[in-house]
Amino acid sequence: QVHVVESGGRLVQAGGSLRLSCAASGPGFSNYAMGWFRQAPGKEREFVATIMWSEAIYADSVKGRFTMSRDNAKNTVYLQMNSLKTEDTAVYYCAVKYWRPSTVQSEFMYWGQGTQVTVSS
């Protein structure tokens with residue numbers, strides 16, 4: 001069992017920056033592929049970013065603005081969000097799967113409870 005906890009969400013103005021953190025418990029963190037997903041009000045949850053080693057994959061909507069990274073020594077991944085837009089408002093979820101990174105939600109086995117990001121105009 002892997003326990004996943006997100007943090008860092010808050011209210012921020014458009015154009016601002018925010019860094020989300022996600023800590024995952026359990027052995028073998030370096031073998032986890034990690035993903036960020038988000039769900040805006042009234043919309044389905046969507047892919048944001050995923051990482052296995054050092055190279056991340058991003059959704060087109062966040063490419064060039066968001067950066068995902070990981071610190072295996074801390075069992076933590078981060079999502080640095082810059083140039084935030086009102087449409088980035090959502091609950092952001094962190095998820096864990098083994099080995100290969102993926103953009104597919106159903107492939108992720110463990111999920112956190114989410115952290116709210118609200119971008120005001």
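Computed from a prediction, not measured in an experiment: that's the story for all the values here. The figures here come from the full heavy-atom set of this structure, side chains too, leaving out hydrogens, waters and symmetry mates.
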Hits for side-chain contact (heavy atoms from CB on, under 4.5 Å) against Lys63, two or more places apart or cross-chain, chain-then-number order -> Tyr58, Asp60
Going from OG1 on Thr50 to CH2 on Trp36, what distance comes out if it is rounded to the nearest 0.5 angstrom?
12.0 Å
Calculate, to the nearest 0.5 Å, the distance between atoms CE and CE belonging to Met52 and Met34 respectively.
10.5 Å
Quick check for you: to the nearest 0.5 Å, what is the distance between Asp88 atom CG and Ser61 atom OG?
7.5 Å
Review item, side-chain donor-acceptor pairs of residues 3-13, under 3.5 Å, at least two apart:
unit_1, atom_1, unit_2, atom_2, d
Glu6, OE1, Gln113, N, 3.1
Glu6, OE1, Gly114, N, 2.9
Glu6, OE2, Cys94, N, 2.8
Glu6, OE2, Gly114, N, 3.2

Counting only N and O atoms by type, is there a donor-acceptor contact under 3.5 Å from the side chain of Thr76 to the main-chain atoms of Lys74?
yes
Output all residues satisfying side-chain contact (heavy atoms from CB on, under 4.5 Å) with Ser30, sequence neighbours left out; order by chain, then residue number.
Asn72
Give every residue pair that meets the side-chain hydrogen bond (donor to acceptor under 3.5 Å, both in side chains) criterion with at least one member in residues 40-49, sequence neighbours excluded.
Arg38-Glu46, Arg45-Gln105
How close do Ala24 and Val2 get, heavy atom to heavy atom, and via which atoms?
CB-CG1, 4.1 Å
Can you check whether Ile51 reaches Pro101 side chain to side chain, under 4.5 Å on heavy atoms?
no
Using the rule that two of Ile, Leu, Val, Met, Phe, Trp, Tyr join whenever any of their side-chain heavy atoms come within less than 4.5 Å, decide whether Trp99 and Met68 are in one cluster.
yes
Tightest non-hydrogen contact, residues Ser17 and Asn82, listed as OG-OD1, 2.9 Å
Once salt bridge (Lys or Arg N to Asp or Glu O under 4.0 Å) is applied, do any residues pair with Glu107, and if so which ones, sequence neighbours excluded?
none
Give me each pair satisfying disulfide (SG to SG under 2.5 Å) with a member in residues 36-75, each pair once, sequence neighbours excluded.
none
Running the 4.5 Å side-chain criterion over Ile, Leu, Val, Met, Phe, Trp and Tyr, what cluster does Ile57 land in, apart from itself?
Phe37, Phe47, Val91, Tyr93, Phe108, Trp111
If you group Ile, Leu, Val, Met, Phe, Trp and Tyr by side-chain heavy-atom gaps below 4.5 Å, do Tyr78 and Trp53 land in one group?
no
Just jot down the ring-ring contact (aromatic ring centres under 6.0 Å, His included) partners of Phe29, sequence neighbours excluded, or say none.
Tyr32
So, using side chain to side chain donor-acceptor pair (under 3.5 Å) as the criterion, who are the partners of Thr118 when residues are at least two apart?
Gln116
Output all residues satisfying side-chain contact (heavy atoms from CB on, under 4.5 Å) with Ser83, sequence neighbours left out; order by chain, then residue number.
Arg65
List for me each residue that meets side-chain contact (heavy atoms from CB on, under 4.5 Å) alongside Val117, sequence neighbours excluded, and say none if there are none.
Leu18, Leu20, Met81, Tyr92, Val119
Closest approach of Ala14 to Ser121 (non-hydrogen atoms, all atoms of both residues):
CB-CA, 4.4 Å
Please name all residues satisfying side chain to side chain donor-acceptor pair (under 3.5 Å) with Arg19, sequence neighbours left out, ordered by chain then number.
none
